[in-house]
Amino acid sequence: MHNVVISGTGLYTPANSISNDELVAAFNAYVQQFNADNAAAIASGEVEALNESSSAFIEKASGIKSRFVIDRDGILDPQRMTPRIPERSNDEWGILCEMAVVAAKEALERAGRTAADIDGVIVACSNLQRAYPAVAIEVQAALGINGFGYDMNVACSSATFGLQAAANSVQLGQARAVLLVNPEICTGHLNFRDRDSHFIFGDAATAVIVERADQATSKHQFDIVSTKLATQFSNNIRNNFGFLNRCAEEGIGAVDKLFVQEGRKVFKEVCPMVAEQIATHLQENNLNVNDVKRFWLHQANLNMNLLIIRKLLGRDAEPHEAPVILDTYANTSSAGSVIALHKHQDDLPSGALGVLSSFGAGYSIGSVILRKR
Ligand SMILES: CC(C)(COP(=O)(O)OP(=O)(O)OC[C@H]1O[C@@H](n2cnc3c(N)ncnc32)[C@H](O)[C@@H]1OP(=O)(O)O)[C@@H](O)C(=O)NCCC(=O)NCCS
């Protein structure tokens with residue numbers, strides 16, 4: 001068994017961003033139009049009037065101020081409220097592949113590696129753009145990597161589950177190094193007409209190089225001390241989009257073919273599970289939670305993260321202990337905790353302990369204990 005490190009991370013951030021005010025203006029224009037178009041039915045009680053959204057609510061309930069997106073115009077058009085991402089020919093790299101490659105190149109550079117040093121590619125994300133071939137194999141081809149590639153989906157926990165898979169391969173000698181990428185176009189599966197959730201997601205891609213500790217040369221290394229995964233079935237975050245949809249015409253276009261959630265229940269049920277998992281994981285490795293210098297938590301909701309840290313430490317976190325990126329990125333599903341890691345790691349001294357943790361649909365929870373080399 002080889003010891004394994006993360007030797008480089010990378011990030012792709014879309015060029016466009018949407019503020020809460022811009023998003024709310026588009027949503028409220030849609031609401032006003034809907035209520036005007038349905039005035040008679042609303043007056044007779046047949047149709048319920050829609051309520052407007054508010055930036056103040058969004059920031060207070062979630063901590064989100066803005067989000068990066070692949071396409072602004074389609075989302076902000078009250079007649080459309082869906083990003084416009086044109087189809088590409090099979091001879092062009094797909095958009096997920098393109099995002100993944102940008103993040104991967106930065107991760108390779110920080111790791112001091114080239115495609116020739118990588119033996120496997122894992123694309124781990126919430127939504128894959130097609131059934132097959134695997135996007136990972138496309139990324140492999142785009143970067144000129146030999147070996148193997150496969151896709152996996154564990155929703156918001158895809159990155160931590162992917163990290164365990166990558167670490168296992170390297171530990172067992174099946175690969176010298178593995179590239180893990182998390183391309184997330186969350187706006188593609190967000191219902192921008194749903195007041196409860198239209199503000200939640202943004203787009204981004206992250207990449208991580210996992211390699212043998214005895215071969216790593218980069219200045220940005222973290223020992224992967226341990227990984228721990230847990231799942232527990234829940235319908236509280238769900239998306240019923242899939243290849244069987246066409247076999248049931250009655251459901252085509254229904255709102256359950258996009259992201260739906262019971263946000264309150266998720267909040268209440270998931271926070272204790274995450275705190276318990278991280279505490280247990282540290283104990284199992286004879287590590288004290290107070291010795292952890294940084295928690296790179298999943299970036300869905302600021303209040304969730306504050307509560308999880310309070311449960312773990314018995315006090316509020318200092319801002320540097322649990323960095324926040326969801327204020328400008330919103331929830332980028334599996335990419336979120338890796339963005340936090342990518343942007344908030346270079347100040348840590350050698351030997352510092354950190355925990356990367358994700359949580360989301362499934363429910364699925366992952367924690368990865370890291371030690372700066
Ligand atoms: C989604 C979430 C931000 C909503 O926050 P919340 O505090 O639970 O808000 P609620 O849905 O209970 O709504 C509270 C009130 O605000 C209202 N409200 C909801 N959306 C609103 C909006 N966009 N603008 C203004 N008001 C809104 C509700 O109607 C409700 O009003 P009421 O009290 O009069 O009934 C929060 O539940 C959350 O983030 N949960 C965890 C989600 C998560 O992590 N999911 C993982 C996804 S991978």
Side-chain angles (χ1 to χ4, degrees), residues 18-32 34 48-67 75 81 124-127 153-161 182 184-204 231-232 234-239 241 255 258-275 297-309 324-327 329-340 357-366:
I18 297 178
S19 69
N20 285 346
D21 284 349
E22 291 172 311
L23 192 71
V24 165
F27 181 87
N28 290 351
Y30 154 72
V31 166
Q32 286 154 18
F34 177 93
E48 221 173 296
L50 297 181
N51 292 316
E52 294 195 352
S53 182
S54 104
S55 296
F57 169 84
I58 294 170
E59 191 171 340
K60 184 161 175 280
S62 70
I64 296 165
K65 298 175 184 167
S66 59
R67 70 282 298 140
I75 294 170
M81 300 180 84
C125 63
S126 281
N127 282 272
N153 173 4
V154 202
C156 289
S157 282
S158 297
T160 51
F161 280 57
N182 320 104
E184 295 283 14
I185 306 185
C186 300
T187 55
H189 58 94
L190 179 54
N191 182 356
F192 285 98
R193 293 189 177 87
D194 176 33
R195 177 173 176 258
D196 289 345
S197 64
H198 75 112
F199 53 88
I200 285 181
F201 286 115
D203 304 328
T231 48
Q232 181 181 304
S234 168
N235 281 320
N236 289 335
I237 313 171
R238 191 159 174 135
N239 182 340
F241 179 77
V255 290
L258 294 169
F259 167 89
V260 276
Q261 75 165 351
E262 295 276 355
R264 271 281 151 105
K265 287 188 188 160
V266 173
F267 197 115
K268 230 176 117 208
E269 292 173 10
V270 168
C271 290
M273 287 167 72
V274 176
L297 297 181
H298 177 47
Q299 302 282 317
N301 180 303
L302 180 58
N303 300 322
M304 277 180 106
N305 289 9
L306 295 176
L307 180 60
I308 289 165
I309 294 294
V324 176
I325 61 93
L326 63 81
D327 52 347
Y329 280 81
N331 182 347
T332 52
S333 194
S334 68
S337 57
V338 186
I339 299 174
S357 178
S358 66
F359 35 92
Y363 297 132
S364 54
I365 302 175

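Counting starts at 1 for both ligands and their atoms, following the listed order.
Inclusion of S53 in the set of residues having an N or O under 3.5 Å from an N or O of ligand 1 is warranted. For Q261, a nitrogen or oxygen atom sits less than 3.5 Å from a nitrogen or oxygen atom of ligand 1, counting backbone and side chain alike. Annotation: S54 places an N or O atom under 3.5 Å from an N or O atom of ligand 1; distance criterion only.
Using a 4.0 Å threshold on non-hydrogen atoms, atom 33 (O) of ligand 1 does not count as touching the protein.
Results of the side chain to side chain contact (heavy atoms under 4.5 Å, CB included) test with N239 over N127, N191, L190 single out N127 as the only residue that passes.
Atoms of ligand 1 found under 4.0 Å from any heavy atom of A300 (numbered from 1 in listed order, with element): 44 (O). Applying the 4.0 Å criterion to heavy atoms of G263 picks out, from ligand 1, the atoms 37 (O), 40 (N), 41 (C). Using a 4.0 Å cut-off to heavy atoms of V266, the atoms of ligand 1 that qualify are 43 (C), 45 (N). Within the listing of ligand 1, atoms 3 (C), 36 (C), 38 (C), 39 (O) sit less than 4.0 angstrom from a heavy atom of N301. Near M304, with a cut-off below 4.0 Å to any heavy atom, the atoms of ligand 1 are 41 (C), 44 (O). For ligand 1 and N331, the ligand atoms under 4.0 Å from any heavy atom of the residue are 47 (C), 48 (S). Every atom of ligand 1 with a heavy atom of I237 under 4.0 Å away is listed here by number and element: 46 (C). The distance from ligand 1 to the heavy atoms of D196 drops below 4.0 Å at these ligand atoms: 19 (C), 20 (N).
Looking from atom 26 (N) of ligand 1 to the surrounding protein, the closest heavy atom is R195 NH2, 3.1 Å. The shortest contact between atom 16 (O) of ligand 1 and any protein heavy atom is with F57 CE1, 3.1 Å. Taking atom 7 (O) of ligand 1 as the reference point, the nearest protein heavy-atom neighbour is R264 NH2, 3.0 Å.
Using a 4.0 angstrom heavy-atom cutoff, G360 does not count as in contact with ligand 1.
The proximity of N303 to ligand 1, defined as any non-hydrogen pair under 4.0 Å, does not occur for either the backbone or the side chain. Heavy atoms of A61 found under 4.0 angstrom from ligand 1 belong to the backbone as well as the side chain. Contact annotation for N51 and ligand 1: no heavy atom of the residue comes within less than 4.0 Å of the ligand. Only the side chain of C156 comes within 4.0 Å of ligand 1, counting heavy atoms alone; its backbone N, CA, C and O stay farther away.
One N or O on the side chain of R67 and one on the backbone of F199 form a donor-acceptor pair closer than 3.5 Å.
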